[in-house]
Amino acid sequence: MFMAVLLTLPMRNVRLSQVDAFIPMVDAIMFVGELIVATLLYAQASVFRSRALAVLASGFVFSALLLLPHALTFPGAFAPDGWLGAGVSSSSWIYTARRTAFPIAIILYVLLKRADSTTQPGPERPAPRIAESVFVAAALALAMTLLATSGHDLLPRFFLTHAELNYGSALTFEFIVFALFVVATAALFRRHSSVLETWLLVALSGWLIESLLIMTLHGRFTAGWYCLYLLTLVSHLVLMLALIAESNRLYARLAISTAARNRERDARLMSMDAVTAAIAHEVGQPLTGAIAHAMAGLCWLTAERPDREKAIKELRSTIDAGNRTNEVIKSIRAMFAKGPIAATQFSLNDLVRETAAFLDRELAGERVSLELTLDEELPPVLADRVQIQRVLVNLFTNAIDSLGATQGRPRRLEIRSAPLNGQDVLLEVSDTGIGIAAEETPRIFDAFFTTKDTGTGLGLSLCRTIVEEHGGRLWASPGKHYGATFHLQLPRSVMSAH
């Protein structure tokens, strides 16, 4: 806005003091900024295999390299007449050449982007030759420098003296540059579809204002001349900051996407671990029982006095354990598939007795006394019988393991059942084992948390999942004197209430 107002003010041609360090300072800032822009554009060109971005980046390289001879040849910057054998108009021609490079690079960018979009997809396009592009830009910058310095007599004169402008000649060439900017703006405006192109349009707007300002100037070191370079500096810095911000945004999106993909992969691996651990945990118990019964049956058959009846009994128990293993596998598959629960009505007391009989060998092995205090008026429940038995097996075996670690006191496991609130049934499994530490109680139902050296940490987590899927609750509390009590609450069967 300030620059647009300046175009209408007569003070724009008011002569100010000559600041010799002004041009080197501005050129140094723009040199760094344009190299940063070129680097970011080359990086995007390499990723997207875009010739258009490579050409645009090369335009910025060409422009940045011309800033070096522009500062060196500018009168008063390093020497009264400039270095490199500069003529009176050498720095002005170099400045005009670098300004011309921007609209030409943008026009080529638009044309090449249109051509790229009608050919192969990005990943199948050949990668742009960035090293060659940089070399061509450097060669053109060197050629322009030699022409503007050694061949300055071959070019029209923009300045009569170091400060007085040859206005007619300068205006003619500035009209050409202005026309190129207009064409570049129109071409980019018709096809702009990215954040980069939006900011290029913003930069082009600044460069168009810069051209209009140049047409009104009649010499160097005026108010308008200083404002011209400040406008140029702002236009380039805005584009550089926009590209840095866009690159950081793309990097952040990539980082977020990569993190999400890693989380998804970890969750998938954890799910696989959970499935395999659940199978190992749940299937291991009935398989161990089947092996034990088979070995006992074999012993009865191979004894000096074979006992055929006991062997048959053990073999039948082996078959029952094998069938139970099959049911457990089906139940695990159904649970992880999140399918509907295969509910049936059954007596929880009967299931407790069946599970206790199944674990009779483990109870005897650890010298655990079992006390059943079951309410015979307990209403039936409607649930998946196999899954509820898995819960009971886990609770019983955890209690047996805890009791096996105790010394110097009776090892007692007590099972109690009772109606609750007229709508639910409650089963309590109490032991006099080592109990649960107070700090561990809130975490015992977390997946993969275990207090056992060889535990998977999935047993209680799966138990709570099964119970909650049946509309029940499962929680733990400390025992009266020793051990712990697990409370299993299940809704009673609706059919039994009628």
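Values below: every heavy atom of this structure, side chains too, minus hydrogens, waters and symmetry copies.
Remark: the backbone N or O of Arg411 is paired with a side-chain donor or acceptor of Ser369 at under 3.5 angstrom. Checked by atom type and distance alone, the side chain of Ser50 never pairs as donor or acceptor with a backbone atom of Ser46 at under 3.5 Å. Proximity of a side-chain donor or acceptor of Thr318 to a complementary backbone N or O of Ala294 within less than 3.5 Å is detected. At distances below 3.5 Å, not a single donor-acceptor pair connects side-chain atoms of Ser402 with backbone N or O atoms of Asn398. Although no hydrogens or angles enter the test, the distance criterion places a donor-acceptor pair under 3.5 Å between the side chain of Ser58 and the main chain of Ala54.
Residues passing the side-chain contact (heavy atoms from CB on, under 4.5 Å) test with Ala296, sequence neighbours excluded: Glu314, Arg361. Annotation: ring-ring contact (aromatic ring centres under 6.0 Å, His included) contacts of Phe135 (sequence neighbours excluded): none.
Atom CG in Leu212 sits 15.0 Å away from atom CH2 in Trp207 (nearest 0.5 Å). Rounding to the nearest 0.5 Å places OH of Tyr229 at 8.5 Å from CD of Glu210.
Environment of CD in Glu371: crowded, with over 12 heavy atoms of neighbouring residues, nucleotides or ligands closer than 6.0 Å. Taking a 6.0 Å sphere around CZ of Arg129, one finds it holds 12 or fewer heavy atoms contributed by other residues, nucleotides or ligands.
Checked options Leu372, Val368, Leu395; the residue passing with Leu413 is Val368 (criterion: side chain to side chain contact (heavy atoms under 4.5 Å, CB included)). Under the side chain to side chain contact (heavy atoms under 4.5 Å, CB included) rule, Arg385 has a single partner from Glu354, Gln345, Arg390, which is Glu354.
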Asp375 vs Ser417, side chain to side chain donor-acceptor pair (under 3.5 Å): CA-CA, chis, key distance, verdict: CA-CA 6 Å; Asp375 189 336; Ser417 67; over 6 Å; no

Assess whether side-chain contact (heavy atoms from CB on, under 4.5 Å) is satisfied between Ile319 and Leu315, documenting all intermediate values. CA-CA 6 Å; Ile319 294 173; Leu315 291 175; 5.6 Å; no

Report, one line per pair, each donor and acceptor closer than 3.5 Å where one atom sits in a side chain of residues 418-436; sequence neighbours left out.
from, atom 1, to, atom 2, distance (Å)
Asp424, OD2, Gln489, NE2, 2.7
Glu428, OE1, Arg416, NE, 3.1
Glu428, OE1, Arg416, NH2, 2.9
Glu428, OE2, His487, ND1, 3.1
Ser430, OG, Arg416, NH2, 2.9
Ser430, OG, Thr485, OG1, 2.8
Asp431, OD1, Gly433, N, 2.8
Thr432, OG1, Pro410, O, 2.9
Thr432, OG1, Arg412, N, 3.1

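Figure legend: Arg409 and Tyr482 shown as a cation-pi pair, the cationic atom lying under 6.0 angstrom from the six-membered ring centre and within 45 degrees of its axis.
One finds a salt bridge joining Arg353 and Glu376 here, because a Lys/Arg side-chain nitrogen approaches an Asp/Glu carboxylate oxygen to under 4.0 Å.
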